[in-house]
Amino acid sequence: MNDSKEMPSPITISSPLHSLPGVGPARAALLARLDLQSLQDLLFYFPRDYQTVHRSITIGELRPDEMASIDGEVTEIELRGAGTGKSILGVLIRQENAFLRAIWFNQPYLAEKYQVGQRLQLTGKPRKRGLRWEMNHPQVVPLDDGYSAPDRATILLPVYRLTEGVQQNFLRPLIARIVCEYAEIVPETLPAEIIERHSLASIGQALRGIHVPQDDPDLARAKRRFVFQELLVMQLALAMKRHRQQLAHAAPKLPNDRRIDGRIRRLLPFPLTSGQEQVIQEICADLAQDVPMQRLLHGEVGSGKTIVAVYAMLLATVHGYQAAMMTPTEILARQHMLTLQRLLKKSRVRLQLLTGGMTAVERRNAADVIREGNVDLIVGTQAIVLGELEFAKLGLVVIDEQHKFGVQQRATLKQASLDPHYLVMTATPIPRTIAMTTYGDLDTSTLRGGPPGRQPVHTYWGTSEQRERWWQFVANKLREGRQAYVIAPMVDGNDDELATVEAVYESLVHGPLESFRVDIVHGRMSANEKELAMTAFREGKTQVLIATSVVEVGIDVPNAILMTIENAERFGLAQLHQLRGRVSRGPFSGYVCAFTGDVSDEGRQRLEAFVRTNDGFELAEIDLQLRGPGDLFGTRQHGMAPLRIADLREDDQTLQETRLAASDIIQADPELQQAGFERLRAMVLRRYGEKLALSQVG
Ligand code: ADP
Ligand code: MG
């Protein structure tokens, strides 16, 4: 055993970088600045981008207006007209005895970027000016020491993230050398059959393809392998979680039949749409099983999700079980309570509200009757219901407008014996890829279409010159008996624009709406105050309601058909669409006018999309493209590890492929115990074990 001290220890992927030939302590210290400690760290330090370098030709070979690359040395940098707004930067490049001038207009800061003596490759369209060649705005690649011209038409150079004292020309050749030497010792994580079935590059090939790609297809193949692996690990974790949930938990069977269905339908105030029928069928199929339903219902704003939930809840009560509906806001809880009271007037179903706005005594009493089984349907705000509440016999939990909650909060209700079924409803449609990731442990139902007779909403993006006309239009409609919302992004603050509810209120009651009954509602008011304001509005006593986005979620006042959104650029696309959903609830056409302050480029695209289409499914996809999945739906807060390599905007196809593969694998081998899957299983647990609570069971 002592022998091993004398023998050079073999290099493994966990070897420290200083132990590698040609690295040593000084270089290892530099690499440590990037948090690279082991061989593995370095091999998996992926480029953030790639630069295409073309094979250079000589200046003598240039043809006018033909794209070409030339190498040369900077001999002169001349900046004219800096500081005047119009500048010309000329960088003279020498190649033996020939010269070419690179020219940039109005980018004076580039002068700092280049130094005399530096070697550059320039790519662009050359022009002959007298005897000398010029290139306007060429693409530039600095040629590092030791760089050799490519022997192919183009090569791809990796571009790494750098830090103080660590340069591209240090990192690039170092990583290239290490990768070529050691990529093959990295143990394969994926089982051979998966590699084969999905035509993936091996880990060694992929590492080389990522760091030293031969060409675009080579790079694409390498990327695909890592994207596939990352998504497969995630989908395996989600499939494992689903499987365990079904295995470890039993839920009450709540079967439906004609008699029950008839009893429920008699209570409903309208015939269901075909979309509603469809999702109710999907839900009932789940509820009939003794494994807990874990279903996501998403659909267009105003498509009628509430009644679907009511149907499912009534099915639970028919079987003697309680059902609880949770909402993100108190206003919405109270509204659902009203709806249920109206629907169930003639039935014996007992209702109980439970919100933070109730007094401590009221809440305690509510908790008592819920525990003793003296109520059937409970409607409450999520925060309260998730507290220490005990249920006598909980069969179904509905979570409305899930948009606002985190995933972890989703399923932590206390329950004595059987687990309840879960129905999660989102505020707006969600992109397919988000359904497969953030909500990937749920089955999905999609509610399309809306109730019949729904009128279209007209959406405008108003300029400040159009304000007067808009308010005249609003006033006319108010005189006809309609009602209006005005939305501002903030409650108060020292903003003198129309960003706050207060400022909007002042400007309207002393201006265009002075002869109307105007009120305010926002999240800072007490539950009681909010309730009073909402009731007055619902009953038509208030004509105009100025609000923050608390009205965003779920509020249903069909006579309110006008909406003005101030500082609309401060709202997300899903939020805007959700807001618009407030004014398309009844028999009248709705009108939305968005006014904006300074708008960023992305904000402009968002508003243009908002005006262009009223299709929530389309808007959800646009939102994903514009913002990226990190922000969208708070993917991070939802507890899913952020993706490092895969991008949900591009890797839709691979996501689907891995989802199917994962589901097959877990079905055959729920705990990934078959030979060849050890590393994959370890990766799944390392990355998602804690997040999805996979480690405790199994
Ligand atoms: P959301 O899906 O946004 O939660 P709601 O459930 O609040 O939508 O429904 C929006 C409006 O449509 C409500 O006023 C509701 O009563 C009405 N509604 C729902 N389904 C139907 C239907 N099948 N026929 C007529 N009106 C319906
Ligand atoms: Mg709703």
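All of these numbers come straight from a predicted model, not from anything done at the bench. Note that ligands are numbered from 1 as they come in the structure, with each ligand's atoms numbered from 1 the same way.
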| field | Gly616, Pro558, Pro451: member with heavy atom nearest to atom 27 (C) of ligand 1 | value | Pro451
| query | Would you call Ser303 a ligand 1 contact, heavy-atom distance under 4.0 Å? | reply | yes
| task | May I ask you to check if ligand 1 and Gly302 share an N or O to N or O distance below 3.5 Å? | result | yes
| Are any of the N or O atoms of Thr306 closer than 3.5 Å to those of ligand 1? | yes
| said: Is there a polar contact between ligand 1 and Pro271, counting only N or O atoms under 3.5 Å apart? | reply: yes
| query | Short list, please: which atoms of ligand 1 are under 4.0 Å from a heavy atom of Asp556? | reply | 13 (C), 14 (O)
| query | Hey, is Arg467 close enough to Glu566 for a salt bridge, meaning N to O under 4.0 Å? | reply | yes
| query | Can you list the atoms of ligand 1 that are under 4.0 Å from a heavy atom of Thr273? | reply | 23 (N)
| Quick one: CD on Gln289 to SG on Cys284, what's the gap to the nearest 0.5 Å? | 11.5 Å
| Side chain, backbone, both or neither: which part of Gln276 has a heavy atom under 4.0 Å from ligand 1? | side chain
| Does Gly304 reach ligand 1 with a nitrogen or oxygen that is under 3.5 Å from one of the ligand's nitrogen or oxygen atoms? | yes
| request: Please work out whether the ring planes of Phe617 and His298 are parallel, tilted or perpendicular, with thresholds of 30° and 60°. | output: perpendicular
| Is the cationic atom of Arg482 (NZ for Lys, CZ for Arg) positioned less than 6.0 Å from the six-membered ring centroid of Phe588 and within 45 degrees of its normal? | yes
| note | Correct closest heavy-atom pair for Leu576 and Ala568 would be CD2-O, 4.0 Å
| request: Report the C-alpha distance between Glu282 and Ser445 in whole Å, list the side-chain angles of each, state the deciding distance to 0.1 Å, and finish with yes or no for side chain to side chain donor-acceptor pair (under 3.5 Å). | output: CA-CA 7 Å; Glu282 291 167 9; Ser445 285; 2.4 Å; yes
| message | Assess the residue pair Thr381 and Glu330 against the criterion (side chain to side chain donor-acceptor pair (under 3.5 Å)); give the C-alpha distance rounded to whole Å, side-chain angles, the decisive distance to 0.1 Å, and a yes or no. | response | CA-CA 6 Å; Thr381 43; Glu330 173 124 17; 5.4 Å; no
